[in-house]
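First the proteins, then the strands, lettered A, B, ... as listed; each starts at 1.
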There are 2 protein chains.
Amino acid sequence: MSKSVLELTPVEAVACCSPVTSEPLSAEAADRIVPLVKAIADPVRLRLVSLVASHADGEACVCDLNDAFDLSQPTISHHLKLLHESGILDREKRGVWVYYRVNAGALRDLAALLGGVTA
Amino acid sequence: MSKSVLELTPVEAVACCSPVTSEPLSAEAADRIVPLVKAIADPVRLRLVSLVASHADGEACVCDLNDAFDLSQPTISHHLKLLHESGILDREKRGVWVYYRVNAGALRDLAALLGGVTA
DNA sequence: TGTCTATGTTGACATCCGTCGATGTCTGGT
DNA sequence: ACCAGACATCGACGGATGTCAACATAGACA
């Protein structure tokens with residue numbers, strides 16, 4: 001059973017659409033794609049994604065991430081929540097720690113959408 | 001003579017950097033990249049880019065763009081200014097009309113930065 | 001059970017940002 | 001010279017967003 005368009009996550013919305021440069025984007029499509037772009041349109045969140053992606057084993061726990069910024073722990077938690085909800089970061093709780101890992105497909109689809117052409 | 005890092009436009013900043021997923025992004029690099037991402041992190045601006053890119057001859061005048069939205073002319077002008085200043089859209093005035101065209105390199109570099117790997 | 005540590009949630013605040021109406025600045029035509 | 005149309009700028013308003021301190025929750029271990 002396929003999902004209604006309105007139920008699509010931002011990641012699914014990006015994956016389903018034509019490149020931005022090939023045909024005009026509908027208002028609805030834009031509204032579904034933008035949350036994913038907004039998610040990385042912040043210096044802290046962009047660095048978080050980069051930190052997680054380049055971390056050993058492709059995952060990092062919150063404690064590691066907190067130390068990388070001069071920001072309060074709730075603020076980092078807030079940004080991680082946004083990244084998780086938009087589908088860019090996956091969460092896994094192991095014991096007391098929570099590990100985040102990037103959803104490579106999300107970034108790849110977004111890149112494809114912007115680049116217009118992809119392999 | 002090469003430019004100081006602080007003089008780099010967002011587009012140049014994106015073009016010079018490693019993919020987000022290969023190594024941690026410095027705070028400075030993030031601050032230089034984010035303006036470009038922010039520029040397309042709005043449904044109206046994303047559609048504007050898409051409209052211009054997919055328009056005949058790869059360019060569109062403001063009059064065409066205004067008609068595509070239920071927004072005031074100053075609002076569209078404001079968004080176009082942002083897209084132009086961030087380096088995503090190029091401007092050319094011909095007579096009474098102003099034509100915008102996408103800077104394909106900017107989108108391609110941004111896509112490469114996000115995708116991590118590119119051809 | 002109780003306490004310590006890791007992480008998320010809430011509420012408040014300041015700032016940023018999208019939007020508009022009014023106005024300014026060009027350019028071309030009469 | 002004047003007017004009309006295309007586009008930009010300005011000032012203001014309301015809503016969205018990043019940040020923090022305080023508090024809540026949940027797991028590990030004694």
Discussion item. Quick check on contacts: within residues 90-101 of chain B, what sits under 4.0 Å from DNA chain D by heavy-atom distance?
Written reply: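 Listed by number, they are B:R91, B:V96, B:W97, B:V98, B:Y100.
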Check your understanding: For B:R45, which residues count as a side chain to side chain donor-acceptor pair (under 3.5 Å) partner, sequence neighbours excluded?
Key ->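 Per chain and number, B:R45 pairs via side chain to side chain donor-acceptor pair (under 3.5 Å) with B:H79.
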- Query: Which is the 5'-most and which the 3'-most nucleotide of DNA chain C that has an atom under 4.0 Å from a heavy atom of chain A?
  - Reply: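 Endpoints of the contacted stretch of DNA chain C: C:dA6 to C:dT9.
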| task | Please list all pairs passing the salt bridge (charged side-chain N to carboxylate O under 4.0 Å, His left out) test where one or both residues lie in residues 93-104 of chain B, with sequence neighbours left out. | result |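 Passing the test, one end in residues 93-104 of chain B: B:E59-B:R94, B:E59-B:R101, B:E92-B:R94.
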In B/S/- notation (B base, S sugar-phosphate only, - none; protein heavy atoms under 4.0 Å), nucleotides 13-24 of chain D written 5' to 3' is ----SSBBBB--
Going by side-chain heavy atoms closer than 4.5 Å, which hydrophobic residues are tied to A:V96, directly or by a chain of links?
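Other cluster members: A:W97, A:Y99.
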- Enumerate the residue pairs fulfilling side-chain hydrogen bond (donor to acceptor under 3.5 Å, both in side chains) with a member in residues 63-74 of chain A, sequence neighbours excluded, ordered by first and then second residue.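 Found A:S72-A:T75.
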In whole angstrom, give the distance that lies between atom CG of B:L80 and atom P of D:dT9.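 Rounded to whole Å, this separation is 11 Å.
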- Task: For B:E28, enumerate each residue passing the salt bridge (Lys or Arg N to Asp or Glu O under 4.0 Å) test, keeping only those at least two apart in sequence or located in another chain.
- Result: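 If we apply the salt bridge (Lys or Arg N to Asp or Glu O under 4.0 Å) test to B:E28, skipping adjacent residues, there are no hits.
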message = So, using salt bridge (Lys or Arg N to Asp or Glu O under 4.0 Å) as the criterion, who are the partners of B:R91 when residues are at least two apart?
response =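 None.
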Please report the shortest heavy-atom distance between A:S86 and A:L36, naming the atom on each side.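 That would be O-CD1, 3.2 Å.
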**Asked** disulfide bond (SG atoms under 2.5 Å apart): which pairs involve residues 32-68 of chain B, sequence neighbours left out?
**Response**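 For residues 32-68 of chain B, and leaving out neighbouring residues, the disulfide bond (SG atoms under 2.5 Å apart) pairs sorted by first residue read B:C61-B:C63.
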Sequence-distant partners of B:V34, side-chain contact (heavy atoms from CB on, under 4.5 Å), two or more places apart: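 If we apply the side-chain contact (heavy atoms from CB on, under 4.5 Å) test to B:V34, skipping adjacent residues, the hits are A:P43, A:L46, B:K38.
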